[in-house]
Amino acid sequence: MIDFSQFEENLRAVRERMDRACAEAGRDAGAVALLPVTKNHPVDAVDYAQRCGLRAVGENRVQEAADKHSCYDGGVYWELIGHLQSNKAQQAVAIFDRIQSVDSLKLMRRLDRFAGEAGKRLPVLLQCNTGEDPNKYGFASDEMAPVLEAALGMEHLQVDGLMTIAPLDDDSNVAKAAFDRLRGLRDALAEQFGVGLPELSMGMTGDLEIAIAAGSTQIRVGTALYGERDG
Ligand SMILES: *Cc1c(COP(=O)(O)O)cnc(C)c1O
């Protein structure tokens with residue numbers, strides 16, 4: 001694990017990349033939020049982010065997040081960015097402030113039920129596999145209209161927007177196509193259903209500039225902030 005001063009340096013570098021990408025895209029510097037991805041790092045990674053005023057962190061496994069969550073009395077905004085098995089939905093609802101990786105109707109129904117039982121309205125993003133990557137979770141683009149319709153009918157879920165992970169590919173046009181498609185899908189769905197869907201969670205260490213150019217409102221960054229992960 002890197003030390004705090006290294007983290008501060010990495011954070012400055014990531015912010016510079018974000019600012020440059022926003023300027024090139026003609027977007028305000030504040031238009032894109034940074035979600036530090038603390039998965040596979042010790043709880044210090046969460047502390048570093050908090051000390052720099054980054055309140056939200058991204059985790060991809062329920063158990064790991066639960067362990068870190070137990071170190072805090074509040075103040076951290078926990079976001080789930082990894083695939084969630086239905087049998088862990090209840091625990092996820094208890095820990096996470098938002099779930100970005102909603103990728104099946106079955107999971108959606110369970111989250112709605114457990115959020116209701118917990119007496120809360122759970123913010124979610126719908127994960128869409130716009131890159132049509134067979135190795136990735138997420139709804140297919142052409143499923144999104146009925147899926148959104150179902151989600152909007154769930155009393156205890158609040159749909160903030162959409163999330164995608166671009167396929168890993170040396171050709172940056174592959175990521176660009178996946179991000180452009182998510183943006184287009186969001187615009188079309190927002191119009192069709194008369195809702196906002198303001199959040200577009202897309203872009204990671206390797207492709208954040210491409211995502212910002214395509215309209216990302218939140219990039220999820222691990223490696224550029226914390227270095228390589230062990231697991
Ligand atoms: C791990 C992960 C990230 C961060 O990836 P880096 O390349 O390390 O920045 C972003 N999004 C998701 C869904 C992840 O699982």
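This is a predicted model, so every value here is computed, not measured. We number each residue from 1, following the sequence as shown. Counting starts at 1 for both ligands and their atoms, in listed order.
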Report every pair formed by an N or O atom of ligand 1 and a protein N or O atom separated by less than 3.5 Å, giving atom names and the distance to 0.1 Å.
residue	atom	partner	partner atom	Å
ligand 1	8 (O)	Thr223	N	2.8
ligand 1	8 (O)	Thr223	OG1	2.6
ligand 1	8 (O)	Arg229	NH1	2.8
ligand 1	8 (O)	Arg229	NH2	3.2
ligand 1	9 (O)	Thr205	N	3.1
ligand 1	9 (O)	Thr205	OG1	2.6
ligand 1	9 (O)	Gly222	N	2.9
ligand 1	11 (N)	Arg220	NE	2.9
ligand 1	15 (O)	Lys39	NZ	2.7

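- Residues Asp160 and Gln158 bring a donor and an acceptor atom of their side chains to less than 3.5 Å of each other.
- Taking the salt bridge (Lys or Arg N to Asp or Glu O under 4.0 Å) definition, one finds that Lys120 meets it with nothing, sequence neighbours left out.
- Ion pairing between a basic and an acidic side chain is recognised when a charged N comes within 4.0 Å of a carboxylate O; Asp187 and Arg183 show such pairing.
- Arg12 has no carboxylate O lying under 4.0 Å from a charged side-chain N of Glu8, or vice versa, which leaves the two without a salt bridge.
- Shown here are the side chain to side chain contact (heavy atoms under 4.5 Å, CB included) partners of Gln91, two or more places apart in sequence or in another chain: Val62, Gln63, Ala66, Ile95.
- Residues satisfying the side chain to side chain donor-acceptor pair (under 3.5 Å) criterion with Asp180, sequence neighbours excluded, are Lys176.
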